[in-house]
Amino acid sequence: MHQLTFLLAIFVTSVAAGTAGAILGLGGGILLVPILTMVFGIDLHYAMGASVISVIATSSGAAAAYLRSGLSNIRIGLFLAMASVTGALLGATLVGLVAPRVLELILGLALAYSVAVTFRQLRVELPGEPGYDPLAMRFDLEGVYYDLALRREVKYRATRVGRGLAAMFGAGVLSGLLGIGSGAFKVLAMDHFMRLPMKVSTATSNFMIGITAAASAGIYFGRGDMHPILVTPVALGVLAGAYVGTRAMARLRNVTVRRLFLPVIVYLALAMMLRGFGIHLL
Amino acid sequence: MTPVERVASRVLFWGGALSVTLMLVGLIGYGVRSGFHGESLNVDRVLENREHGRAADVFVSVRGIRRGLGHWPVDPVALSALGMVMLFATPVLAVGLAVPGFVRQGDLRYGGISAVIVGVLVLSFLLGAAG
């Protein structure tokens with residue numbers, strides 16, 4: 001394939017990854033890495049470097065729009081990011097001390113449980129009245145946004161913040177230890193534990209994933225895993241996709257976003273459990 | 001939208017836009033000079049990277065990028081690499097600017113939380129640089 005055609009094909013793939021990433025609060029890496037390696041035959045190291053760039057580009061494009069529209073909650077994002085970046089740093093220092101396979105299997109089982117919970121909540125548009133949580137009150141973990149799909153203002157407040165914080169820390173440790181992105185876990189922690197509206201969860205995750213990815217970007221760059229010619233069409237495509245995705249997500253109902261999210265965590269649960277048995281899908 | 005959210009949103013938008021513009025200009029320059037056939041435009045970097053088993057067009061340090069931009073005509077791949085580094089510095093800058101933003105609002109708790117995040121990010125950069 002001519003180099004220009006090759007780069008254009010990567011750009012088109014990245015537009016799709018960026019659109020999905022902006023809607024679902026993921027970096028698009030779970031889509032990009034297998035496609036770049038299996039379809040385009042790109043070395044796994046460069047594919048992972050491109051994935052880190054795609055996460056940051058999605059986050060920059062989507063979070064800027066979501067902060068303006070009020071869907072992304074900067075306080076909740078920063079509060080939880082404190083736990084996830086600290087966990088990621090700890091995870092990175094534990095590499096070699098903990099058997100990754102055991103963790104992957106546990107993570108796969110935890111995700112399988114999340115699949116069941118998400119399936120049960122599939123028709124829930126908005127969470128009910130939140131219970132009292134002292135941490136949520138003390139740290140102002142609440143907000144309001146105008147829902148274009150419901151055509152009304154939606155007020156929300158986080159609950160079970162301690163569990164959410166612990167899940168974020170755990171996701172950060174796994175992210176640092178296993179070298180995986182953790183957008184899906186961030187969304188699950190906000191949606192399941194903290195009972196935030198699904199759209200707020202994915203939009204706030206978009207803000208957070210850029211911060212977490214920035215923590216590992218320097219390491220990938222220093223290792224020579226980021227190829228400027230390869231990551232350029234990825235960044236351009238993902239940013240264009242994020243533009244499309246943010247506009248689409250604002251008009252979607254929470255149940256639709258959750259339905260789109262479900263196959264992603266089914267795939268992740270299977271992939272993690274298989275990794276636990278030594279079979280790598282991503 | 002609070003002032004902190006406005007600043008974070010603008011930094012993320014303009015940081016992302018400026019970074020990908022630089023990357024695109026670099027890619028176009030690379031195409032013009034090599035016709036999208038060239039392996040690399042800098043012989044020293046090709047030799048150094050081959051020694052370490054890396055691709056020819058990869059930069060691994062800001063110093064290397066500065067070298068690529070320090071002569072005329074500039075190395076277009078270095079321009080793309082500069083855009084790439086600016087892109088991953090963008091979220092760090094957004095959180096960094098949130099520190100004085102929250103403090104000005106009188107919200108010391110979130111000023112502190114933002115400062116802790118920036119501290120952990122800087123520590124991870126330093127650990128990464130140390131290998």
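Keep in mind that the numbers below use all heavy atoms, side chains included, and drop hydrogens, waters and symmetry copies. Sequence lines set the chain letters: A, B, ... in the order given, protein chains first and strands last, and positions in each chain run from 1.
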Interchain contact, A:Leu89 with chain B, by part (heavy-atom threshold 4.5 Å): side chain

A:Leu239 versus chain B, the contacting section by heavy-atom distance below 4.5 Å: side chain

Please find the pair of heavy atoms, one from [X] and one from [Y], that lie closest to each other, and give the distance.
X       : Y        : value
A:Leu78 : B:Val95  : CD2-CG1, 4.0 Å
B:Met84 : A:Pro228 : SD-CA, 4.2 Å
B:Gly16 : A:Ser60  : CA-CB, 4.3 Å

Most chain A-contacting option - heavy-atom pairs closer than 4.5 Å, from B:Leu121, B:Val62, B:Thr90, B:Val122: B:Leu121

Selection from B:Val116, B:Leu79, B:Leu24, B:Leu87 maximising heavy-atom pairs under 4.5 Å formed with chain A: B:Leu87

For chain A, which residues of residues 1-9 of chain B have heavy atoms nearer than 4.5 angstrom: B:Met1, B:Val4, B:Glu5, B:Ala8, B:Ser9

What distance separates [X] [atom1] from [Y] [atom2], expressed to the nearest 0.5 Å?
X        : Y        : atom1 : atom2 : answer
B:Leu27  : A:Leu230 : CG    : CG    : 10.5 Å
B:Ile117 : A:Ser84  : CD1   : OG    : 7.5 Å
A:Met226 : B:Phe59  : CE    : CZ    : 14.5 Å

Heavy-atom contact with chain A under 4.5 Å, split by part of [X]:
X       : value
B:Val85 : side chain
B:Ser61 : backbone
B:Ile65 : side chain

Residue list, ring-ring contact (aromatic ring centres under 6.0 Å, His included) with A:Phe139, at least two apart or on another chain: A:Phe79

From CA spacing to verdict: side chain to side chain contact (heavy atoms under 4.5 Å, CB included), B:Met23, A:Leu236: CA-CA 8 Å; B:Met23 292 167 87; A:Leu236 281 166; 5.9 Å; no

Qualifying ring-ring contact (aromatic ring centres under 6.0 Å, His included) pairs with a residue from residues 90-110 of chain B, counting only residues at least two apart or across chains: B:Phe102-B:Tyr110

Contact leader toward chain B among A:Thr232, A:Leu67, A:Ile74, A:Ile56, where contacts are heavy-atom pairs under 4.5 Å: A:Thr232

Salt bridge (Lys or Arg N to Asp or Glu O under 4.0 Å) contacts in which one or both residues fall within residues 97-112 of chain B, not counting sequence neighbours: A:Arg75-B:Asp107, A:Asp140-B:Arg109

